Amino acid sequence: MIKQEEAIGIYFHIPFCISKCPYCDFNSIAVSPIPEKKYTQALIEEIDYSVKYSLKSLGKRKVASIFFGGGTPSLFYPDSIAKCIEKVLSLFSPGPDMEVTLEVNPKTADRKKLNELCAGGINRLSIGVQSFQDRFLKNLGRAHDSSDAVRVLEDAKMVGFSNISLDLIFGIPDQTLIDWERDLDYALSVNPEHLSVYNLTIEEKTPFRELQRQGEIILPDEDTQVRMYGLAQEMLSEAGYEQYEISNYASPGFRCTHNEGYWIFKEYLGFGAGAHSYLREGLYGKGWGTRWKNETDPFEYISRLSDECSVITDKEQLTKEEAIKEAIFLGLRRMEGICLDDFEDRFGLSLEHTFSGVIPYLLQEGLISIVMGRLKLTNKGILLSNEVFLAFF
Ligand code: SF4
């Protein structure tokens with residue numbers, strides 16, 4: 001039985017951008033004109049279609065969070081965003097303190113738009129600042145400059161947003177430790193409630209990968225990147241932020257409810273091109289959870305919905321083994337780690353016993369610790385998290 005009392009997360013994917021950043025491998029495209037009206041209509045139709053054919057059992061589930069991600073959701077008119085929120089609230093009920101986040105590219109939001117977004121129900125902004133220095137924004141191929149970022153932050157506060165998250169990237173080509181310290185200093189001077197700090201990774205099939213192969217871009221060396229990560233931990237912790245996940249820091253009371261939901265295995269529904277959904281006990285039978293994914297091409301997505309066809313392209317029932325792997329992978333990303341008792345209650349297995357060939361080695365190498373019944377990554381383990389995950393699987 002699906003527990004009626006547990007609030008779910010709702011995700012909307014808006015896959016359009018002003019231009020495609022050369023390091024990005026997200027499901028996003030730069031097209032002109034953007035088919036905003038048709039896409040918004042398709043989102044509404046997808047919710048209706050899902051509730052009619054497969055999600056009936058969710059009934060009036062409470063919603064813990066709504067998250068508009070992308071792509072660039074701030075390219076859309078506030079009215080389109082408000083329509084999606086209204087649709088959700090017509091079928092589900094808002095949980096207490098429902099968090100409603102919209103990702104913002106600083107180039108795409110002025111004070112009027114921010115004001116309308118606030119009035120339409122958005123209560124949290126996640127602003128893709130990435131850097132406060134123009135030369136690094138240029139190196140990243142971003143469409144905005146530092147003055148856009150500063151202005152959007154001021155405007156957001158001015159119109160009343162009191163829950164603002166900033167995204168920053170380190171490990172940018174040509175960036176030094178001092179440059180990174182400047183970005184952190186500036187970010188702290190504007191007092192955001194939350195910060196997401198990502199290490200630039202060069203993904204396959206991106207222009208950056210090709211440029212790297214040709215020697216056209218050179219990233220800071222590994223030692224510098226490790227020090228950059230450590231510097232962020234140190235400066236943000238001194239400023240009173242709690243690191244609660246490998247890349248995320250929050251002022252007290254301002255963790256991201258939506259993303260935390262993913263990491264603690266809460267259920268979520270994703271709408272839009274390429275969106276993922278997960279229900280713990282499944283729509284299609286009992287098991288260890290059902291996951292499904294939508295058509296990634298936004299135009300095909302729109303077309304399928306206008307023909308009243310399903311947009312689900314992949315659907316899988318998790319096996320117990322997969323659910324265990326996922327619980328470890330997601331649990332270790334959190335600074336709180338994995339509660340050994342909860343793990344045993346859920347899977348009927350002792351984590352230490354099941355991984356008795358791995359855990360002593362990781363403990364000995366100082367990559368994980370077990371303290372007060374919780375298994376977590378050490379600082380060294382965070383820096384080598386991929387190796388730790390691989391050791392488990
Ligand atoms: S704005 Fe974000 S989603 Fe769009 S191309 Fe750049 S990194 Fe990718």
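Along the sequence shown, residues are numbered consecutively beginning with 1. Whatever order the structure lists them in is the order used to number ligands and atoms, beginning at 1. Small disclaimer: the values here were computed from a predicted structure and weren't measured.
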Taking every non-hydrogen atom, the tightest pair across Asn294 and Gly272: ND2-O, 2.9 Å

Taking every heavy atom of Ser369 against every heavy atom of Leu363, the minimum-distance pair comes out as CA-CD2, 3.8 Å

With the threshold set at 4.0 Å, does a side-chain nitrogen-carboxylate oxygen contact exist between [X] and [Y]?
X: Asp179; Y: Arg182; value: yes
X: Lys266; Y: Glu260; value: no
X: Lys38; Y: Glu45; value: no

Aromatic contact, Phe355 with Phe392 (centres under 6.0 Å): yes

Would you mind listing which atoms of ligand 1 come within a distance below 4.0 Å of any non-hydrogen atom of Gly71? 3 (S)

Atom 6 (Fe) of ligand 1 neighbourhood, protein N/O/S only, threshold under 2.8 Å: Cys21 SG

